[in-house]
Amino acid sequence: MKNVIVAIDSFKGCLTSVEANQAASEGVLLGMPDAEVVQVPVSDGGEGWLESWGQVHDSGQNQAICPHDSKLVEVNVKDPLMRTIVAQYLMKGDTAVIEIAKASGLTLLSKEERNPMVATSYGTGQLVVDAVRKGCKRIIVGLGGSATSDCGIGMLRAIIDSFAKQGSWDDVHQLDDVRFTIATDVTNPLCGENGAAHVFAPQKGASSDDVLALDARAKRFAEASAKHLGRDCQNMPGAGAAGGLGYAFLQYMNADCRSGIDLLLDTIHFDDQLQDADLVITGEGSADRQTLMGKLPFGILQRAKKHNVPVMLIGGRIADEQLLLDAGFSHVSCINPSNLPLEIAMQPATAEENIRLCIKKQLNHCHN
């Protein structure tokens, strides 16, 4: 077992994908000093999306972002509570990569500030406007980690404020030649019990009454939009992503919707990298049966299976271990000792050391 690919999602609130990959790589080399390790920063569209694309290299016909000729663009935008902050997006040629959490993310708010009844996606619209003004004709948007549940109304308002002289979406023509791709692992519709408000708004600070009000607001907006534009995207997979931002991109910008991890893996030609691999190590902060519902490690597993490459799964928390093994992971390991308090486990230095030790132990076990 010489060639190892490490492709671990961020451990939210603890480690980025790059940091987790580095720790895992060090663990591999502790267990197998002669191994060749390839690190692949990954994201499904949420936290770490920009970082993942910033590491992508051009290869053959691949027209992806690569670090040699891409640049990080900084923009003054409004956060979810309309306070001015600096957010970034990635630009290469006429392609822009946007991570909506940079402008409209939940991590931009304190726990006390979370309120999806007022949080707005206006700042995401400002990122789109800046990219279009700089000549971008393709915009790839990672949908994840939003503080909002405004159906993208804030984003649309920012675009109208910038581009429409008459204050109407009908006057916005600057996006006519721009191709949008949204990336998300969320397949929920906009409205209903599986929609943006019911499923995700409680995580953003919504009460039960707020959820009903947000869902009703989304339904009214979708009905008015369908009547005005002559099409209805509210039930398309991904419409419920990022508090309905997915819907706004689908309905108003004719966006393509892709699985975030599949889009990234296609772009970096991950299947080609698997040709010579003996092992893949992936993981996420918390792995359980939901991992098998299209989350990043499952996307990695599906690719590796086609090439008969075993996949080791690690996590800060593991549940439903047998289900994960039955799905095809060769090893499933929790990096943390069972008696370790959460506040200590969440410390980056602790997590990195536990990843190193966990990987080394598993590889030693495999050899023996």
Side-chain angles (χ1 to χ4, degrees), residues 1 4-28 30-32 37 39-48 52 144-145 185-186 199 203 259-261 265 277-305 309-368:
M1 196 177 292
V4 181
I5 296 174
V6 179
I8 301 172
D9 199 359
S10 62
F11 281 34
K12 287 182 180 173
C14 181
L15 298 176
T16 66
S17 174
V18 170
E19 291 166 343
N21 281 352
Q22 180 60 31
S25 299
E26 291 166 4
V28 170
L30 286 172
M32 299 189 306
V37 185
Q39 297 183 38
V40 181
V42 286
S43 168
D44 56 13
E47 185 180 4
S52 297
D185 65 347
V186 170
V199 177
Q203 304 164 14
S259 154
I261 187 58
L265 295 180
D278 299 307
L279 173 69
V280 175
I281 299 174
T282 188
E284 59 184 338
S286 180
D288 52 31
R289 65 182 62 224
Q290 290 188 26
T291 299
L292 306 178
M293 298 169 66
K295 286 199 170 184
L296 188 150
F298 189 67
I300 299 278
L301 175 66
Q302 297 305 99
R303 300 295 181 109
K305 269 184 171 181
V309 180
V311 180
M312 179 187 297
L313 175 69
I314 64 170
R317 186 190 73 87
I318 299 287
D320 309 311
E321 180 177 351
Q322 193 56 51
L323 274 178
L324 296 169
L325 290 167
D326 291 345
F329 290 106
S330 60
H331 301 82
V332 176
S333 301
C334 179
I335 65 167
N336 294 311
S338 58
N339 59 349
L340 188 67
L342 179 62
E343 60 271 18
I344 296 177
M346 288 290 289
Q347 294 173 2
T350 301
E352 288 170 343
E353 180 63 10
N354 286 342
I355 287 174
R356 282 191 285 268
L357 294 175
C358 175
I359 298 294
K360 178 187 176 184
K361 180 180 177 182
Q362 285 299 324
L363 293 178
N364 287 338
H365 179 73
C366 291
H367 278 297
N368 298 329

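Below, all heavy atoms of this structure are taken into account, side chains as well, without hydrogens, waters or symmetry copies. Keep in mind the model is a prediction, meaning the values are calculated, not measured.
- Under the side chain to side chain contact (heavy atoms under 4.5 Å, CB included) criterion, K295 pairs with D185, E284, Q290, P297, not counting sequence neighbours.
- In this structure, C14 SG and I355 CD1 are separated by 7.5 Å, a value rounded to the nearest 0.5 Å.
- Within the 4.5 Å cutoff, the side chain of P337 has heavy atoms near those of the N354 side chain.
- The main-chain N or O of I8 is never found under 3.5 Å from a side-chain atom of T282 such that the two would form a donor-acceptor pair.
- Looking at residues two or more places apart in sequence or on another chain, you find a side-chain hydrogen bond (donor to acceptor under 3.5 Å, both in side chains) between R317 and S286, D288.
- Contact between D9 and S43 at its shortest, heavy atoms only, is OD1-CA, 4.2 Å.
- Within the 3.5 Å criterion, the main-chain N or O of V311 finds a donor-acceptor partner in the side chain of S330.
- Rounding to the nearest 0.5 Å gives a distance of 12.5 Å between CD1 of I300 and OG1 of T291.
- Minimum interatomic distance between L323 and L292 (heavy atoms only, all atoms of both residues): O-CD1, 3.9 Å.
- Here the side chain of S52 pairs a donor or acceptor atom with the backbone of V42 at under 3.5 angstrom.
- L363 has its side chain within reach of L279: a pair of non-hydrogen atoms, C-beta onward, lies under 4.5 Å apart.
- Looking at residues two or more places apart in sequence or on another chain, you find a side chain to side chain contact (heavy atoms under 4.5 Å, CB included) between V332 and L313, I318, E321, L324, L325, F329.
- Distance CD1/I359 to OG/S25: 9.0 Å, rounded to 0.5 Å.
- Residues A24 and V6 share a closest heavy-atom pair of CB-CG1, 3.7 Å.
- Within the 4.5 Å cutoff, no side-chain heavy atoms of Q22 are placed close to those of V18.
- Contact between C358 and S333 at its shortest, heavy atoms only, is SG-CB, 3.6 Å.
- With sequence neighbours excluded, no residue forms a side-chain hydrogen bond (donor to acceptor under 3.5 Å, both in side chains) with N339.
- The shortest distance between side-chain heavy atoms of V37 and M32 does not fall below 4.5 Å.
- The shortest side-chain heavy-atom distance between N364 and L30 does not fall under the 4.5 Å cut-off.
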Give the table of side-chain donor-acceptor pairs shorter than 3.5 Å for residues 342-352, with sequence neighbours excluded, one pair per line with atom names and distance.
from, atom 1, to, atom 2, distance (Å)
T350, OG1, I344, O, 3.4

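- To the nearest 0.5 Å, atom CD1 of residue I314 and atom NE2 of residue H331 are 13.0 Å apart.
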